[in-house]
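What follows is a short report on a single structure.
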Protein chains: 2
Amino acid sequence: MPDIVVLTERELRQCVSLDLPVVDAIEEAFRALATKRVAMPPILRLDIPDHNGEVDVKTAYVPGLSSFAIMVSPGFFDNPKLGLPSLNGLMILFSARTGLVEALLLDNGYLTDIRTAAAGAVAARHLAPARVETLGILGAGAQARLQAQAAHLVRSFGRALVWSRDPAKAMACAADLSSALGVAAEAVKDAAAVIRSSELVVTTTPARQPILQEGWLHPGLHITAMGSDAEEKNEIEPAAIAHADRFICDRRGQSLRLGELHHAVACGAVAENFPAVEIGDVIAGKNQGRSTDAEITICDLTGTGVQDTAIATLAFARARAGGLGTTIRS
Amino acid sequence: MPDIVVLTERELRQCVSLDLPVVDAIEEAFRALATKRVAMPPILRLDIPDHNGEVDVKTAYVPGLSSFAIMVSPGFFDNPKLGLPSLNGLMILFSARTGLVEALLLDNGYLTDIRTAAAGAVAARHLAPARVETLGILGAGAQARLQAQAAHLVRSFGRALVWSRDPAKAMACAADLSSALGVAAEAVKDAAAVIRSSELVVTTTPARQPILQEGWLHPGLHITAMGSDAEEKNEIEPAAIAHADRFICDRRGQSLRLGELHHAVACGAVAENFPAVEIGDVIAGKNQGRSTDAEITICDLTGTGVQDTAIATLAFARARAGGLGTTIRS
């Protein structure tokens, strides 16, 4: 059997960071979803309520890529009490031709964070107004920082406004963005003010009750909703979904099951056959994204297996080129 | 983050073989399925028709076990043309308390083979007549050999009869069984004669058209059907399922979806609410298995995530005790 390469988080951080080639790779993955015979089964989910834990397994085969990944992401929410992170995980990379394991990517969720942020950049590239002066961020965690960095790769905004339930965290996040991106960043106590002052908003919270209200929408606004990836989560008021000129998502079925569309349909704000456009169709030119700078657009990203396959394939190629990893003779 | 142990197939073969403690561990897993709040989501399946490949992902959380496994088993059926095995795979072992990866078991399907055979032993222990003189085996591959070995752990038969579509393979398999188990083993060209002469039969073929016919059944026969694990597979004539005194399976929903019950229900031989007893219920004494030596019983095993979690947990404990594996500092 061929050798297997094991890559640690430290090694993966050495060879993969959030940059334009990564954004392009994720964009290609979404394009493939719209144009190729991609195989992407529904997410496997294991719940372990005894330990406040859950595990998601995602995968996708993308024709044309030499490998496919299986991504396993456990979330165990009592871990911080033990001094351990809640989220971790790994990716397994297989040869698409033989199904043999090529590499084990022990990323502890790092590659997932990067591919999630890169999807935000793809959404901003295709859906945000051409000029963005101000970026608004709801939430102040790791993904809030990464989303701001991702947005900055495709829209060179000069100002960032950060809102979080915890004002101290919002201030820390704003300080980080200011130094990382060289923009004027500030924490804002009123979420409505963040939305009203921004042309591009990214929501990154685990909210179970909507934060972003319909009344805050304004012409020329694009919102990317990153937070919801489970039935009970909801960041955007359903009426806002109905109000927007265009609603885009990564995968329609997933948005309906565990994204923002789920709640909008459940409460009757929109019909189940609501015209949600998939981002891959926009990228491939098969469907319209934003058509004027004045439109209001909302994009719901729930996370897809094609992103995992794309980032894992790219990471392995870079690690190989850099001579990184431990080889296991199997 | 804690260290991760990587175990190769060679190391796993050193510490795990098909023995009674392994059979007991698998029996406990089935008992847990019947008595504990086991979480076992449906199998995730990825099809890659471009390369005649498929991947199954199984998992289960068993309360009381310190770990849970995710088993990934690719089957790429053009591999033999490339000089590679069709089946391979690996298991990932996670701490049940924290979700952190404990070990990567690069077993290339070895542990899956062992836990599958061990389930056959559990079925024979609980369902075969007390005295088995003759074992019948349909199929002559690796699992045919392992199933005979497994059955011999719990029923000390003196004779084995092997049928295969390919008589040469049946002869080779019989020769192997004779030397491995010290029994009188012979290849038989007529499958009906194998069934008629045996008290215990194990079917291990990938048949898509039933081989074992209703007319061959006789009092005091137990059949374990191992082969079917997909919608299109079928080893047992549906009328035989209806004819048996008792039908047992590992997981009712799986047997209905991708096991022998699937075809029996589809053709109307039995009703969808047919009383299929789960083997865990028999082990736990919650339901009746065989009640007399004269009954005809059929057990359909499709493979379950609890078996993977049980064998992976046991393998890791033995490997640790034996100082095996490569430690990766993550």
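Letters go in sequence order (proteins before strands), and every chain restarts at 1.
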| field | Any residue of residues 306-317 of chain B which, by heavy atoms, sits under 4.5 Å from chain A | value | none
| message | How about CZ on B/Arg318, more than 12 heavy atoms from neighbouring residues, nucleotides or ligands closer than 6.0 Å, or not? | response | yes
| For atom CZ of B/Arg97, is the number of surrounding heavy atoms from other residues, nucleotides or ligands below 6.0 Å larger than 12? | no
| For B/Pro42, is it the side chain, the backbone, both or neither that has a heavy atom under 4.5 Å from a heavy atom of chain A? | backbone
| task | Assess the side chains of A/Tyr61 and B/Asp50: does a donor N or O sit below 3.5 Å from an acceptor N or O? | result | yes
| query | Tell me, side chain or backbone of B/Val57 under 4.5 Å from chain A's heavy atoms, or both, or neither? | reply | both
| request: Anything in residues 75-92 of chain A with a heavy-atom distance to chain B below 4.5 Å? Please list those residues in order. | output: A/Phe76, A/Asn79, A/Leu82, A/Leu84, A/Pro85, A/Asn88, A/Leu90, A/Ile92
| Is there a side-chain contact between A/Arg37 and B/Pro49 (heavy atoms, below 4.5 Å)? | yes
| Greatest number of heavy atom pairs closer than 4.5 Å to chain A - which of B/Asp47, B/Leu100, B/Val101 | B/Leu100
| message | Quick check for you: to the nearest 0.5 Å, what is the distance between B/Leu104 atom CG and A/Ile328 atom CD1? | response | 8.5 Å
| said: Taking side chain as everything from C-beta outward and backbone as N, CA, C, O, which of these in B/Thr326 sits under 4.5 Å from a heavy atom of chain A? Side chain, backbone, both or neither. | reply: side chain
| message | Less than 4.5 Å apart, side chain to side chain, heavy atoms only: is that true for A/Leu44 and B/Thr59? | response | yes
| Within a radius of less than 6.0 Å around CZ of A/Arg257, do more than 12 heavy atoms belonging to other residues, nucleotides or ligands occur? | yes
| field | Closest contact, heavy atoms only, B/Gly99 versus A/Pro74 | value | O-CG, 3.3 Å
| remark: Interface check, chain B: of A/Ala60, A/Ala96, A/Ala39, most non-hydrogen pairs under 4.5 Å belong to A/Ala96
| query | Can you tell me how far CD1 of A/Ile70 sits from CD1 of B/Ile70, rounded to the nearest 0.5 angstrom? | reply | 9.5 Å
| request: Among the options A/Gly305, A/Pro63, A/Pro41, A/Gly53, pick out the one with the most heavy-atom pairs lying under 4.5 Å from chain B. | output: A/Pro41
